[in-house]
Amino acid sequence: MLTENYGMGMIAGMSKYPFNEIEKKWQKYWEDNQTFAVTEDPSVPPEKRQYVLDMFPYPSGAGLHVGHPEGYTATDIYCRYLRMNGYNVLHPMGFDSFGLPAENYALKTGTPPLISTERNIDNFRKQIKSLGFCYDWNREISTHTSEYYHWTQWIFVQLYKKGLAYESHMPINWCPQCKTGLANEEVKEGMCERCGTHVVRKNIRQWVLKITAYADRLLEDLDDLDWPESVKLMQRNWIGRSEGASVLFRMADSDDTLEVYTTRCDTLFGATYMVIAPEHPLVSKITSAEQKQAVEEYLEQAARKSDLDRTDLAKEKTGVFSGSYAINPVNGKKIPVWIADYVLISYGTGAIMAVPAHDTRDWEFAKKFDLPIIEVLKGEVDVQRQAWTEDGIHVNSGFLDGMNKEDAIKAMIAWLEERNLGHMAVNYKLRDWLFSRQRYWGEPIPLVHCPHCGIVPVPEEQLPLTLPETTSYEPSGTGESPLANIEDWVNTTCPVCGGPAKRETNTMPQWAGSCWYYLRYLDPHNDKQFVDPEKERYWMPVDLYVGGTEHAVLHLLYARFWHKVLYDLGLVSTKEPFQRLVNQGMITSFAYQRKDKTLVPTDQVEEVSPDVFVEKTTGEPLERIVAKMSKSLKNVINPDDIINEYGADSMRMYEMFMGPLQVSKPWSTTGLSGVWRFLDRVWRLCDDRKISDEQAAIALRKVLNKTIKKVTEDTASLNFNTAISQMMVLVNELYKIDTLPREIWEPLILLLSPYVPHLAEELWERAGHEPSVANMPWPTYDEALTIDEEVEVVLQVNGKVRSRIMMSKDATKDAMLAAAKSDAKLKEWIDGKTVVKEIVVPGRLVNIVVKD
RNA sequence: GCCCCAGUAGCCCAAUGGCAGAGGCAGAGGACUUAAAAUCCUUCCAGUAUGGGUUCGAGUCCCAUCUGGGGCACCA
């Protein structure tokens, strides 16, 4: 008992800084006084309205992670800063509360997902509130509530009516043992995570959203967004627009044609075989009697592979001959058609022309199955020994011979179009969005299947279509969702003809709720429409969106897609939802590594002397490295513990002090205690001495003005670590004098307030003011007091520093040069040499370039 | 295999192409103390992963390599 409490009691007990009391007190004050409630005040001009959004969390059973508060603290500081600068700031928080873990938890424990989810939300809310963020909690939403998903369903109906939702048969990961579909993350190395059975692909009826219809706009509109270039690049690559040609190959022995997409139609003379994906619709038709058994075996083998297996580059190429031949349209040659899983049905037409001489994958396949390789681009290698994938002049290519790539592509497309054998084509990597899940814990898709009327949407006035309560979350066994077994719910009447009908049993993916939550925050309690257009126009678009880089593609692309659909329907006023995006880096942790690179759980490590670590049981020396936090390494930091021990303000400020927001950085508890110590120093400034109304020394006032300037600029640009460093400089200066001048102290409290709001409120009150410091104007500075009159000028010879002198900041170039040339130390370096060049940077340096 | 990001002091990190150091941690010394802790003051520590290049001048820009982290759908 005693030893356990020793560490915690040490700091808390010694402290003169009662963060625990202070933090509770001010959190209650803000709540009681609704300090951060925000309204659409029409008197605030549009440029003074800011919408600052955090990616809302999935409320997992594990509770808040130290990674969450990083982004939340950053936006909180920024919002408080904006408020103090006269902005009307919308800053909401909510929960992305549908999701697989709650359902799996229900399967394991029988706890209904609604119960566990709401329990988790309560815990998350409490944890988030304990950090003192300035959210307008009146706007909290949770995607699993029927008040919310009413409108998720309503938007789906709009998509459906617009023809953007369609049914298709698509494969799922199917576990034959559990008789259930699995998410990708539930498949480990091709096996079912739960029972270890080999997972197979099973085609089932699914709902798909036509995101490809928006591919061009999703691509083009990226240009105007203030997003990290790397994220834009990832989205561009994901959309993957390419220009090429569609080419028709006639089958040799039937009337069927195979259409292929290629970006390199200029290499058509080198196409020596074709490959179609195992899922291609012509597979059964073109398979010859002799090859039937081999093909069927191969198809079965391919069906057992996950996408990951098929995309693993290290693997051997596999495939099987179909027994049929196609005709190469340019030269009339018969070429074999193979079936292989390195061709994906989801890209292009699911069929390729193989040019082994100039494509590495085709080359490997040709070598393995002994298919001919014909060089059509003159390269620097023997194509029988390796593929030549660079550009070259065409050879063995009839009318293309002698041409370069660009001209040959044009010539070939013209040739194909003339003969109706092909045409120019644009292709995208982007695929339509598989939108249905065979799960219970998601938004029911509001459609009815009627034997007479077909598919009928649930009438809008009957929404929300609520998720029925149940006690069994077991899969249906057929691949359908557990909803299929709830008879009273599934069986309904057709909204059109009134006859008996069945409800759609698929539910929506977790993405659905997060596709539009930023709009619901604008008007969270509206039961007539998903958002009031006036409120939408008041706030949108989101001015700053902060979240993890793991959402760089999917979430952000899906939300942009929905937003564009809503825009086309005239329901929102902006083309794009998120004008500016910032990704916060990951908070990692230290881990300890043996010589053989294996990792040791943190509780097995002893620090024998500073920065020397050994494994407790063996005494083996260990190297400290940086790793992701993980349960198995026992290096996960729990925010609750940190807040208890050091307080929310220390936690907030430390996370901002660790380094730049955008980069990943390791958690260090000693680093945290350093920030705690800084806050304690701030506290003791006014605890130990009286606030004085006398004027401060000019040197101190200069430091203050420099500090205000730096903190202002760095807070506005989200460079919080350097802003904090400057505040430390000012506090260190204050420690050098015995008084506490009010003219320094009060601006310092204001500068600190976005970072450590609880402490700042308390200090503000103790300085004799009414709360709240959050409503005070941001301090201003006098530019003249941020400039030093005397500066140190560096004197260089050939770019190397040889001497330094103090000069007026306004010294002319000539004066600086003259001073340099008369400097005794510099003379030694230039005497007797020829001066080649003289460079003078005013206020900074003189560089004299000499030659012997 | 491809794409993206990052390598600065023992550690976390600063540095408009211009003195490698703002701040913190750890270390050392001193003050205070009967002593320790806490606190305060002072202080040590490098040429920026490696090799080239551009430049009067490179941590910063360019090329190549190495190491680490993250992402990926064999994209024809």
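Throughout, a chain's letter reflects where its sequence line sits, starting with A, and its residues are numbered from 1.
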**Prompt:** Are A/Leu430 and A/Leu557 close enough, and set up right, to give a side chain to side chain contact (heavy atoms under 4.5 Å, CB included), and what steps lead you there?
**Reply:** CA-CA 11 Å; A/Leu430 182 70; A/Leu557 197 68; 3.8 Å; yes
Identify all pairs in which a protein N or O lies below 3.5 Å from an N or O of nucleotides 52-56 of chain B, and state each distance.
{"from": "B/rC56", "atom 1": "OP1", "to": "A/Lys837", "atom 2": "NZ", "distance (Å)": "3.2"}
{"from": "B/rC56", "atom 1": "O2", "to": "A/Asn847", "atom 2": "ND2", "distance (Å)": "2.3"}

Restricting to nitrogen or oxygen on both sides, can you table the protein-nucleotides 11-17 of chain B pairs closer than 3.5 Å?
{"from": "B/rC11", "atom 1": "O2'", "to": "A/Arg624", "atom 2": "NH2", "distance (Å)": "3.0"}
{"from": "B/rC12", "atom 1": "O2'", "to": "A/Met658", "atom 2": "O", "distance (Å)": "3.1"}
{"from": "B/rA14", "atom 1": "OP1", "to": "A/Asn721", "atom 2": "ND2", "distance (Å)": "3.2"}
{"from": "B/rU16", "atom 1": "O4", "to": "A/Arg844", "atom 2": "NH1", "distance (Å)": "2.9"}

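Remark: A/Lys837 pairs with no residue by the salt bridge (Lys or Arg N to Asp or Glu O under 4.0 Å) rule, at least two apart or across chains. For A/Tyr558, the ring pair (Phe, Tyr, Trp, His ring centres under 6.0 Å) test picks out A/Trp433, A/Trp511, with sequence neighbours left out. For A/Tyr261, the ring pair (Phe, Tyr, Trp, His ring centres under 6.0 Å) criterion is met by no residue, not counting sequence neighbours. With sequence neighbours excluded, the residues forming a ring pair (Phe, Tyr, Trp, His ring centres under 6.0 Å) with A/Trp667 are A/Tyr654, listed by chain and number. Checked against salt bridge (Lys or Arg N to Asp or Glu O under 4.0 Å), A/Asp714 has the following partners two or more places apart in sequence or in another chain: A/Lys710. By the side-chain contact (heavy atoms from CB on, under 4.5 Å) test, A/Asn798 pairs with A/Val849, A/Val850, sequence neighbours left out. With sequence neighbours left out, A/Arg264 forms a salt bridge (Lys or Arg N to Asp or Glu O under 4.0 Å) with A/Asp266. A/Phe249 is linked by a ring pair (Phe, Tyr, Trp, His ring centres under 6.0 Å) to nothing, counting only residues two or more places apart in sequence or in another chain.
Distances shorter than 4.0 Å separate none of the side-chain N or O atoms of A/Asn583 from OP1 or OP2 on B/rC4. Side-chain N/O atoms of A/Arg236 include none lying less than 4.0 angstrom from OP1 or OP2 on B/rC4. Remark: A/Arg677 is in phosphate contact with B/rA26, judged by side-chain N or O atoms under 4.0 Å from OP1 or OP2.
Taking atom P on both nucleotides, B/rG69 is separated from B/rA28 by 33 Å, rounded to a whole Å. Distance noted for atom C1' between B/rU48 and B/rA58: 11 Å (whole Å). The separation of B/rG10 from B/rC5, taken at their C1' atoms, amounts to 26 Å, rounded to a whole angstrom. Nucleotides B/rU50 and B/rU67, compared at atom C1', are 10 Å apart to the nearest Å. Taking the P atom of each, B/rG24 and B/rC41 are spaced 10 Å apart, rounded to whole Å. Of the P atoms belonging to B/rC3 and B/rC63, the separation is 13 Å, rounded to the nearest Å. With both ends at atom P, the span from B/rA15 to B/rC4 equals 25 Å, rounded to whole Å.
Judged by closest nucleotide on RNA chain B, A/Arg804 is the one of A/Arg804 and A/Asp359 placed further toward the 5' end. Comparing A/Leu430 and A/Val801, the nucleotide of RNA chain B nearest to each residue sits closer to the 5' end for A/Val801.
Base contact: A/Val794 has a heavy atom under 4.0 Å from a base atom. Heavy atoms of A/Glu838 sit nowhere under 4.0 angstrom from any nucleic acid atom. Residue A/Leu233 is classed as a sugar-phosphate contact, given heavy-atom separations below 4.0 Å to backbone atoms only. Contacts of A/Ser668 with the nucleic acid, taken as non-hydrogen atoms under 4.0 Å apart, are absent. Among the atoms of the strands shown, none is found under 4.0 Å from any heavy atom of A/Phe678. Counting any heavy atom pair closer than 4.0 Å across all strands shown, A/Asn732 reaches sugar-phosphate atoms only and no base atom.
The separation between A/Met629 atom CE and B/rG69 atom P is 16 Å, rounded to whole Å. Nucleotide B/rA6 holds its P atom 15 Å from the CE atom of A/Met586, rounded to whole Å. Between the CG atom of A/Leu845 and the P atom of B/rG57 there is a distance of 13 Å, given to the nearest Å. Atom pair A/Lys429:NZ and B/rC3:P shows a separation of 11 Å (rounding to whole Å applied). Counting to the nearest Å, the P atom of B/rA76 and the CG atom of A/Asn237 are 11 Å from each other. Whole-Å rounding puts the A/Met353 CE to B/rC75 P distance at 15 Å. Distance, A/Phe365 CZ to B/rC75 P: 15 Å, rounded to whole Å.
The side chain of A/Ser230 lies closest to B/rC4 when the candidates are B/rG23, B/rU39, B/rC4. Closest contact between the side chain of A/Arg361 and the listed nucleotides B/rC19, B/rC41, B/rA76 involves B/rA76.
Applying the salt bridge (charged side-chain N to carboxylate O under 4.0 Å, His left out) definition to pairs two or more places apart or across chains, those involving residues 651-675 of chain A are A/Glu70-A/Lys665, A/Asp76-A/Arg652.
Summarising the base pairing, B/rG57 is matched to no nucleotide, lacking a Watson-Crick or G-U wobble pair whose two defining distances lie under 3.5 Å. Across all strands shown, nothing is found opposite B/rC32 as a Watson-Crick or G-U wobble partner with both distances under 3.5 Å.
For the pair A/Arg624 and A/Phe613, the cation-pi test (distance below 6.0 Å, angle within 45°) is failed.
Remark: A/Arg361 does not engage A/Glu364 in a salt bridge, criterion side-chain N to carboxylate O under 4.0 Å.
Glycosidic conformation, B/rG23: anti, with the torsion outside 90° of 0.
Test A/Ile77, A/Asp649, A/Val682 against A/Val756 for side chain to side chain contact (heavy atoms under 4.5 Å, CB included) and you get one pass: A/Asp649.
Within residues 263-273 of chain A, the residues having any heavy atom under 4.0 Å from RNA chain B are, by residue number, A/Thr263, A/Arg264.
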